[in-house]
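Contents: one structure, followed by commentary.
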Amino acid sequence: MRFLLTDEQREFGRSLDALLTAADTPAVLRAWAAGDHGPGRALWGRLADAGVFALAVPEAYGGVGPLPVEAAVACVELGRHAVPGPVAETLAAGVLLAGAGGPVAEKWLPGIASGAAVVSLTLEGYGPYAPDADAADAVFTVTGDELRLAPGPGEPSASADPARRLFRPEPGGAPVAKGPAIRAAARAAGDTAAFATAALALGCGEELLRATVAYVKQRTQFGVPVGSFQAVKHRLADTLLGLEFARPLLYGAAVELASEVSRPGAGAGAGSAEGSPGAGAGSAEGSSGAGAAVAAAKVAAGEAGYAAARTALQLHGAIGYTEELDLAWWLRRARPLRDVWGTPSACRARALAG
């Protein structure tokens, strides 16, 4: 099995890194947390122009996907730069709506691919909260075999990450699609959300480690950099090992998801809002084969990212928890990324079950 990225995939990652480095994401994060979504939506549009959100949308609806490996490359970079907004949820919505097919897919998928539509969602089994629903153009909910468009974002709930606000969508809303295809599409969307979140967590952990290594090279104690102390070196080495162990699991899951997409018969058919198999129903039904790989990647990347946050907080000392330090936004993001779209215990159980 090949885990090495192609030259084109590596260049895609480098181009996103350059775009986001120039975007001053800490300032965008602060504005997003304060309720000003303008800078974040502008950045979202530039990412869409780079093709990020089209990766989860089929070509029939203006996308280029589904391309799980490229989506992993993109989400690692977005996690590294802590891009605000419902990234994983919008990518998952692309899979969900493609599986539903019909008018709802025709209405929303082109907008997701172009960046014109920011989408959040809730799925059964993953908790009641829709992240960043106040900034979304649509909030979809799935209950049983019914897909609904929530009438509003609902009331906000407390979140450990102030730039990732949680909402319970308002109940009701007329079904926009229903039938067995919705259940299958929801399973695939859940896998996509977990997979994208794993990549975001890995990128978040990598940035936390990078910033911490740079800091311990500068901070001195007893006349020498604290990074020269053996205990500090061991802590950083353990953090690096966790992240490097998670990386092949993430790309292994991407390969599994890509193989499901390319399976004969996957993605066949034209759907309707009444529940006949949608454009992505074939891959949705087959996604259970990749579910264990996604779960393994999610628990490894989530735990590694959270361990990187704990290391960063300890080695930065008293300044580590201050909001004035840009790194605080990454520190506060690591644990929610670990727990959303599959807690560590749930992911371990799924991975062990195969």
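Put simply, CD on Glu89 and CG on Leu96 are 12.5 Å apart, with the number rounded to the nearest 0.5 Å. Between the CD1 atom in Ile182 and the CG atom in Leu97 there is a gap of 8.5 Å [rounded to 0.5 Å]. For the atom pair CG (Leu236) and NE2 (His234), the distance works out to 10.5 Å, reported to the nearest 0.5 Å. Ile319 CD1 to Tyr215 OH: the interatomic distance, rounded to the nearest 0.5 Å, is 4.0 Å. Here the CG atom belonging to Leu243 is positioned 11.5 Å from the CG atom belonging to Leu250, to the nearest 0.5 angstrom. Annotation: the span from Leu327 atom CG to His316 atom NE2 amounts to 5.0 Å, rounded to 0.5 Å.
Of the possible donor and acceptor atoms, none in the side chain of Thr143 sits under 3.5 Å from a partner among the backbone N and O of Glu146. Distance alone, capped at 3.5 Å, places no donor-acceptor pair between the Lys178 side chain and the Arg148 backbone. Between the Glu124 side chain and the Gly144 main chain, a donor and an acceptor come within less than 3.5 Å of each other. Of the possible donor and acceptor atoms, none in the side chain of Arg219 sits under 3.5 Å from a partner among the backbone N and O of Val226. Under a 3.5 Å cut-off, the side chain of Trp44 and the backbone N or O of Ala116 do not form any donor-acceptor pair. Without hydrogens or angle criteria, Ser159 side chain to Arg165 main chain gives no donor-acceptor distance under 3.5 Å. In terms of modelled atom types and a separation under 3.5 Å, the side chain of Arg338 and the main chain of Glu303 share no donor-acceptor contact. Counting only distance, with no hydrogens or angles, the side chain of Lys217 and the backbone of Ser228 share no donor-acceptor pair below 3.5 Å. Between the side chain of Lys298 and the backbone N or O of Cys347 there is no donor-acceptor pair closer than 3.5 Å. Judged purely by atom type and a 3.5 angstrom limit, Asp137 uses its side chain to pair as donor or acceptor with the backbone of Val118.
A heavy-atom distance below 4.5 Å is found between the side chains of Glu77 and His81. For the pair Asp132 and Pro84, the minimum side-chain heavy-atom distance is 4.5 Å or more. Looking at Leu149 and Val139, their side chains never come closer than 4.5 Å, going by heavy atoms from C-beta outward. Looking only at side-chain heavy atoms (C-beta outward), Asp134 and Pro156 stay at 4.5 Å or farther from each other.
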Checklist entry - For Val142 and Leu121, what are the C-alpha separation, side-chain angles and deciding distance, and is it a side-chain contact (heavy atoms from CB on, under 4.5 Å)? => result CA-CA 8 Å; Val142 175; Leu121 80 166; 5.9 Å; no

Item to check | Audit row: His37, Trp32, side-chain contact (heavy atoms from CB on, under 4.5 Å) steps and yes/no | outcome: CA-CA 5 Å; His37 301 135; Trp32 191 276; 3.6 Å; yes

Checklist entry - Arg332 and Leu29: side-chain contact (heavy atoms from CB on, under 4.5 Å), yes or no, with the steps? => result CA-CA 12 Å; Arg332 299 184 72 169; Leu29 275 166; over 6 Å; no

Item to check | Test log, rule side-chain contact (heavy atoms from CB on, under 4.5 Å), inputs Val176 and Lys107 | outcome: CA-CA 11 Å; Val176 292; Lys107 178 178 180 180; over 6 Å; no

Checklist entry - salt bridge (Lys or Arg N to Asp or Glu O under 4.0 Å) between Asp326 and Arg30: does it pass, once the steps are laid out? => result CA-CA 10 Å; Asp326 286 345; Arg30 286 185 167 87; 2.8 Å; yes

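Linking Ile, Leu, Val, Met, Phe, Trp and Tyr residues whenever their side-chain heavy atoms come within less than 4.5 Å leaves Tyr306 and Leu209 in two separate clusters. Linking ILVMFWY residues whenever their side-chain heavy atoms come closer than 4.5 Å, directly or via other members, leaves Tyr251 and Val299 in distinct clusters. Under a hydrophobic clustering in which Ile, Leu, Val, Met, Phe, Trp and Tyr are joined whenever their side-chain heavy atoms come within less than 4.5 Å, directly or via other members, Leu200 and Leu19 fall into the same cluster. The same ILVMFWY cluster, assembled from side-chain heavy atoms under 4.5 Å apart, contains both Phe12 and Leu91. Ile112 and Tyr61 fall within a single hydrophobic cluster, where Ile, Leu, Val, Met, Phe, Trp and Tyr are joined by side-chain heavy atoms under 4.5 Å apart, directly or via other members.
When all heavy atoms are compared, the tightest approach of Leu337 to Cys204 is CD1-CB, 4.2 Å. Minimum interatomic distance between Ser114 and Gly111 (heavy atoms only, all atoms of both residues): OG-O, 3.2 Å. The two residues Pro68 and Ala258 have their closest heavy-atom pair at CG-N, 3.7 Å. Contact between Trp330 and Gly79 at its shortest, heavy atoms only, is NE1-O, 3.7 Å. Scanning all heavy atoms of the two residues, the minimum distance from Leu16 to Ala50 falls at CD2-CB, 3.9 Å. Of all heavy-atom pairs spanning Ala189 and Val95, the tightest one is N-CG1, 3.9 Å.
Contacts of Pro128 classified as side-chain contact (heavy atoms from CB on, under 4.5 Å), with partners at least two apart in sequence or in another chain: Arg168.
In Phe245, the CZ atom is not crowded: 12 or fewer heavy atoms of neighbouring residues, nucleotides or ligands sit closer than 6.0 Å. Environment of CD in Glu323: sparse, with no more than 12 heavy atoms of neighbouring residues, nucleotides or ligands closer than 6.0 Å. The 12-atom threshold is not exceeded at CD of Glu155, counting heavy atoms of other residues, nucleotides or ligands nearer than 6.0 Å.
Donor-acceptor pairing under 3.5 Å is recorded for the side chains of Arg235 and Thr311.
Taking the charged nitrogens against the carboxylate oxygens, Arg14 and Asp17 have no contact shorter than 4.0 Å, which rules out a salt bridge.
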